[in-house]
K.L.:
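Can you read through this structure? Questions will come right after.
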Amino acid sequence: MYKKEDHRSLFELSKKLLKEEAIPEKAEAIKEVANLHKVIVYHEWKYYVQDDPVISDFEYDHLYKRLEALEKAYPDLIGPNSPTQRVSNDLTETFASVEHLVPMLSLANSYNEEDLNDFDTQIRKLALLDEDTAIEYCVEPKFDGGSIALVYERDVLVRAATRGNGTLGEEMTNNARVMKSIPLEADFSSKGIHKVELRGEVVIRKDIFEKMNAARAEQGLTLFANPRNTASGGLRMKDPKEVAKRGLEAFIYQMSYVADEAENDKMDIFKYHNDTIELLGKLGFKIPIKEKKVCKDIKEVHEFIQKWQGLREDYPYEIDGMVVKVNDLAIQEKCGYTSHHPRWAIAFKFKAKQATSKLLNVEYQIGKIGSVTPVAKLEPVQLAGVTVSSVSLHNEDFIKSKDIRIGDTVLVERAGDVIPYIVKPMDDLRDGSETAIVFPRQCPVCSTPLERAESEAAWRCVNYNCEAQVLQRMIFHVSKDAMDIDGFGKSYIERFYELGWLKNLADIYQLDYEKIAALEGFGKKSAANLEKAINKAKNNPVYRLLHSLSIHHLGKKVSKLIAAEIDHVLDLQYKTLDNFTEIKDIGPVVAENIIAYFSNPDNIALLKEMEGLGVNLRQTEKDRPKAISADAPLIGKTILFTGTLQQMGRKEAQSLAEANGAKNISAVSSNLNILVVGEKAGSKLKKAQALGTVQILSEQEFLDLIR
Ligand code: IVH
């Protein structure tokens, strides 16, 4: 799609455009808008199709905002396929029914080498080839998401539809337009193609899916079942703006219709399926470029599929098999179709990832902050090559919403690296012997009554000294994320705990290594290694120690922010709520938890004991954030943004302020120096006006100030 020199010139053009500030005269604006289109389309392709961005997100946003600003100044320059027009402003999907140009068929399935050989033999018969002619196949992943058909006419995306019933699909053009891996325009005409229909699969990356669900769990929302449902459900959402938020991507795997101006079939400009896909890649579509392979015969196909069986888990997208397609389009045509599937292609299905099993019992695990997690114990079942015998039920609401009961036969799924989960109970299989899961109201370990905050999904044991919590806190303390004590894992902690050697975090730093060396399975060497790792951890930067204390909501990021503000961990005893909330990104909830932790004399004693044992509690200069020049325009000022900004996003404005010496704070108080007011500013503006001590700036005034 882009030649080597294009990359450089587009990159340089981007850098040049990034410097533009004033709104130019119309003639200049026309040129600049065209250039902005070019570079933004390029950067979207690099980012969404190639996964290889060449400019920062900040710079991309800047180019995008610049285009928006020019379009605002000259509305007649807004083309329907401008990058800013991906999210239509008020149109929502109506999902009209549309007829596919070519029916969207299914695929026949195969499960082993024998099935593949039968398929190969069949092809030879259909194409009237003799027995020893090798047939070339193109093999690609079988993406597991929602299928779509895209129609381009005169190089413009004019229609997108879901599969529907195969003949009629649901039109969802506006939803497709927000997916940045789908070009709004593509240069088919240079190939003499006037109208084309493409087939593809809309998918979501597994890690994005996991993050989305983690966020939903935190907000107490119902979780998405799996990446496939999230993608195919996302396709059908009513509001394209919501679709945009889901991070969906489309892999294109087929050209199903190619015609010239007179609607004559032009498929004959291609000789191989692989050529059609390669062309799509060059035109900017996301194709399985590194994943596909042209295999010289069916034996090589099988080997390639075997290789993918092993790669599948680590592949960032869900796939449920591989698709084997005859590469030669002339042979494809000879093979033809059944009413259900093409005869020239077959899916090879990987081992099942769903299975049913019986739910035997529910156990309750206590986390490091006391959250009670129900865990279903299942009759062991094989799922995609792994034995599964316990599955998290997350929280009480999850159990209730799915109406899961003890004795139920449940459908379990393990998708890729996604941890196994219960899709649903099979209520048709109930015989009346199933019993309700009664969520405990007391801690199963220490019997303290459980509590549940209104905003949270989890019930918690509030006894800080609950044995289960103490143990979990120690396990977390030594873990990679926290103090990162090499080689000191869960099993050691549990063993030393049972031996009575570990009662609190300080004990970790006063282990008797001679006794450890004498334990079965240890020895002098491993005891010495453990000692070395523990001594090393004593010198960790203080943010690690803060994070390792298991204070509710105090994650790594906030620990770093707080560490940057102190000289010594024990200084935190004297901080007030305002001191904390003035720090950007620190809210009152975590602040209160920190205050509670440092007001407890037991915790102070524990930290002092740790310090006495050599654990570092002092902030070192090298861990502090970099200094900003003393003449920066906002040096020493606190700042807060409120309302909707027009020229930039909130985050961008905050980083800009920070880079110019200001400190972002999150609330209006007497400590606030500057309030920048965007559109529709509300109570914060009123409060600042009432205080009378706050400098109030418009967005433009703020920009002028830092320029
Ligand atoms: S080719 C004429 N290639 O699998 C049918 N399909 O059972 C041609 N799918 O819903 C289909 N990845 O959306 C083909 N690389 C791939 C695919 C793929 C996923 C889906 C497709 C359809 C289902 C067919």
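Side chains are part of it too, since the values below use all heavy atoms of this structure and drop only hydrogens, waters and symmetry mates. One-based numbering, in listed order, for ligands and for the atoms of each.
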K.L.:
Given E170, which partner from the list R163, R236, K238, R159 fulfils the salt bridge (charged side-chain N to carboxylate O under 4.0 Å, His left out) test?
P.N.:
R236
K.L.:
Is it the case that K180 places NZ or CZ above or below the six-membered ring of Y64, under 6.0 angstrom from the centre and within 45 degrees of the axis?
P.N.:
yes
K.L.:
For the residue pair R216 and F224, would you count it as a cation-pi contact if the rule is NZ or CZ under 6.0 angstrom from the ring centre and within 45 degrees of the ring axis?
P.N.:
yes
K.L.:
Could you tell me whether the side chain of S189 and the main chain of G192 form a donor-acceptor pair under 3.5 Å?
P.N.:
no
K.L.:
Per the side-chain hydrogen bond (donor to acceptor under 3.5 Å, both in side chains) rule, what does the pair list look like for residues 133-142, sequence neighbours excluded?
P.N.:
D120-Y137, D130-T133, E136-N327, E140-H273, E140-K325
K.L.:
I'd like the contact residues of ligand 1, where contact means a heavy atom below 4.0 Å.
P.N.:
L105, S106, L107, E140, P141, K142, F143, S147, E201, Y253, Q254, V323, K325, P342
K.L.:
Under 6.0 Å from the six-membered ring centre of Y111 and within 45° of its axis: does the NZ or CZ of K349 meet both?
P.N.:
no
